[in-house]
Amino acid sequence: MAKIDISLEHVYKTFPGGTRAVIDFNAEIEHGEFMAMLGPSGCGKTTILRMIGGLEEVTEGRIHIGGKDVTDLPPSHRDTSMMFQSFALFPHRTVYENVEFSLKMQGQTKEQRAPRVWEMIKSVDLTELALRHPNELSGGQQQRVALARALISEPTVLLLDEPLGSLDYSLRAAMMVELKKFQRELGITFIMVTHSQQEALSMADKVIVMSDAVIQQIGTSRDIYENPKTKFVADFIGNNNLFKGVLKSHSGSIAFVENGDSLFYTRLPEGQRKISIGEEVFFSVRADLVHTGIHEDMANRVEGTYVTTEFMGSLETDIFEVGKGHFVHVEQHRSGRDKAYKMGDREFISWPAEAAILLQEPDVERD
Ligand SMILES: Nc1ncnc2c1ncn2[C@@H]1O[C@H](COP(=O)(O)OP(=O)(O)O)[C@@H](O)[C@H]1O
Ligand SMILES: [Mg+2]
């Protein structure tokens, strides 16, 4: 089994004044893993990161790093290093001086520091720029300085708060690849906070999706995309269609959900079978798994009215209104299209039972 670098057990944070920033946070992060914490602004991501780094006190719960309980230890006694959102470089120091900072704080002599600093600077490809100041660097170069400065102390875990947040859109894609490559080469654990679905899903081995101070789901990008657990995740990640209904019955891995005159068949994942018959439930169907027209081999069907088409490169999403204010997205490759719709056209939309998944509320202890 892989070594666990960080574990958080029932961690809560309530700020003075009463804001509950983190509620019942439980997670394990393996050594060498690239973990992303993804969620909208204000959901508690930075607070979690700061508690792991020791910059914020934990209200309740325990945090272990490398098997050691660090909950009550200061940052200097934790094997973590933090890269801040705005890079927070020292403006009056050169690249070299920024990078050497933490070694200097550790009391190393100039001679001890120099070879390590140069090596670090070389590894982020800044040798030529070592004597410049931050304001003489591009955003991408500043980011590399921040990375070098955070890594020089050889932390076991690097904590990154929106590391690409202040970069231009065009630079971000390149930096995503670079950061990921770095993490792989160094083999250290990265915990990255981001509100960007694209950053989280494309860079991380595992993603923790958060909303409103609680974990909604932990899983690989693929798992979160293919098997959203909660209504929030289904809504936030990918292009999913949400349906509401009442759970009528279930049998093995299939549930039957009634909505008005319609009965729908959905997947009922293991662990989600606590939901009781008669309860109001939501299920989600991926837009790329629904089809226009009647398909006899597909268990589910609704009728809707064509509204519009959204274009996204080679993908097109046809949007149909199936109930007042309830829109269903049908995503397909442009090359696969066989029909052009006019506004107001009536059409059936079909999908197989396996394309739908029953959702549940997040599983947390609120107090
Ligand atoms: N020092 C603080 N004092 C009081 N409330 C805070 C403090 N820091 C953050 N909060 C609140 O805690 C919640 C979570 O904040 P934060 O962790 O920064 O969210 P995120 O990083 O996901 O945007 C927000 O409601 C925020 O206003
Ligand atoms: Mg934040």
Side-chain angles (χ1 to χ4, degrees), residues 38 40 168-170 172-173 176 195-202 207 209 217 221-246 254-269 281-359:
L38 170 67
D168 289 346
Y169 183 79
S170 56
R172 224 177 291 161
M176 270 195 248
H195 64 270
S196 155
Q197 179 187 146
Q198 191 205 356
E199 284 175 18
L201 298 186
S202 59
V207 179
V209 185
Q217 185 165 359
S221 301
R222 178 175 291 273
D223 197 33
I224 284 172
Y225 186 79
E226 291 181 354
N227 301 300
K229 252 174 85 175
T230 68
K231 191 172 162 236
F232 176 83
V233 175
D235 211 19
F236 191 64
I237 308 272
N239 192 0
N240 290 310
N241 296 302
L242 282 176
F243 287 85
K244 192 161 88 170
V246 170
I254 297 286
F256 308 96
V257 177
E258 191 181 57
N259 180 331
D261 301 334
S262 317
L263 188 62
F264 295 106
Y265 297 76
T266 91
R267 267 192 298 146
L268 180 59
V281 289
F282 287 88
F283 65 91
S284 162
V285 195
R286 266 164 53 197
D288 57 329
L289 298 179
V290 293
H291 304 269
T292 47
I294 293 177
H295 296 257
E296 293 301 341
D297 55 334
M298 297 184 187
N300 301 291
R301 188 187 302 159
V302 287
E303 196 178 8
T305 305
Y306 174 76
V307 181
T308 186
T309 298
E310 283 175 357
F311 299 92
M312 272 277 284
S314 65
L315 286 181
E316 296 186 357
T317 299
D318 292 328
I319 301 174
F320 296 88
E321 190 168 23
V322 299
K324 200 167 164 31
H326 185 197
F327 298 95
V328 168
H329 290 198
V330 183
E331 184 181 290
Q332 57 185 327
H333 278 276
R334 188 178 325 196
S335 56
R337 287 189 76 87
D338 49 5
K339 204 165 167 183
Y341 294 103
K342 296 188 307 294
M343 201 168 138
D345 281 354
R346 297 288 284 168
E347 176 63 292
F348 285 102
I349 297 152
S350 309
W351 63 93
E354 319 82 72
I357 184 166
L358 199 75
L359 305 169

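Heavy atoms only: backbone and side chains are in, while hydrogens, waters and symmetry mates are out.
No side-chain heavy atom of H195 sits less than 4.5 Å from a side-chain heavy atom of P40. Within the 4.5 Å cutoff, the side chain of R172 has heavy atoms near those of the E199 side chain. Counting only heavy atoms from C-beta outward, the side chains of V207 and L201 approach each other to under 4.5 Å. In this structure, the side chains of E303 and R346 come closer than 4.5 Å at one or more pairs of heavy atoms.
Contact record, T292 with H295: O-NE2, 2.9 Å, taken as the closest heavy-atom pair. In plain terms, the two heavy atoms of S284 and L359 that are nearest each other are CB-CD1, 3.8 Å. P228 and V233 make their closest contact through CB-CG1, 3.8 Å (heavy atoms, listed as atom of the first residue, atom of the second, distance). Closest heavy-atom contact between L315 and E331: CD1-OE2, 3.6 Å. Nearest heavy atoms, Q197 versus L38: N-CD1, 3.6 Å. Nearest heavy-atom pair across Q217 and D223 is NE2-O, 4.2 Å.
For D297, the CG atom sits in a packed shell: over 12 heavy atoms of surrounding residues, nucleotides or ligands are nearer than 6.0 Å. The environment of CZ in R222 is sparse: at most 12 heavy-atom neighbours from other residues, nucleotides or ligands sit within 6.0 Å.
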Show me the donor-acceptor pairs, under 3.5 Å and distance only, between side chains in residues 319-326 and residues at least two apart or in other chains.
| residue | atom | partner | partner atom | Å |
| --- | --- | --- | --- | --- |
| E321 | OE2 | G325 | N | 2.7 |
| H326 | NE2 | L242 | O | 2.7 |

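For D318 (side chain) and T309 (main-chain N/O), no donor-acceptor pair under 3.5 Å exists by modelled atom type. Checking side-chain atoms of T317 against main-chain N and O of H329 turns up no donor-acceptor pair under 3.5 Å. Judged purely by atom type and a 3.5 angstrom limit, Y341 has no side-chain atom pairing as donor or acceptor with the backbone of G344. A donor-acceptor pair under 3.5 Å is absent between the side-chain atoms of D235 and the main chain of F232, judged by distance alone. Proximity of a side-chain donor or acceptor of H291 to a complementary backbone N or O of D288 within less than 3.5 Å is not detected. For N241 (side chain) and V328 (main-chain N/O), no donor-acceptor pair under 3.5 Å exists by modelled atom type. With R267 contributing its side chain and E354 its backbone, the two residues share a donor-acceptor pair below 3.5 Å.
Below 30°, between 30° and 60°, or above 60°: for F256 and Y265 the angle between ring planes is above 60°, a perpendicular geometry.
With rounding to the nearest 0.5 Å, the separation of CH2 in W351 from CZ in R301 is 10.5 Å. Atom CZ of F283 sits about 12.5 Å away from atom CG of L268, to the nearest 0.5 Å. Atoms OG and CD1, from S350 and I294 in turn, are 7.0 Å apart once rounded to the nearest 0.5 Å.
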Please determine whether side chain to side chain contact (heavy atoms under 4.5 Å, CB included) holds for the pair F264 and N259, giving the CA-CA distance in whole Å, both sets of side-chain angles, and the decisive distance to 0.1 Å.
CA-CA 8 Å; F264 295 106; N259 180 331; 4.1 Å; yes

Assess whether side chain to side chain contact (heavy atoms under 4.5 Å, CB included) is satisfied between E226 and R286, documenting all intermediate values.
CA-CA 8 Å; E226 291 181 354; R286 266 164 53 197; 3.5 Å; yes

What's the verdict on side chain to side chain contact (heavy atoms under 4.5 Å, CB included) for V257 and V246, showing C-alpha distance, side-chain angles and the deciding distance?
CA-CA 5 Å; V257 177; V246 170; 5.8 Å; no

Residues N240, V285; criterion side chain to side chain contact (heavy atoms under 4.5 Å, CB included); working and verdict
CA-CA 6 Å; N240 290 310; V285 195; over 6 Å; no

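Aromatic ring centres of F243 and F282: separated by at least 6.0 Å.
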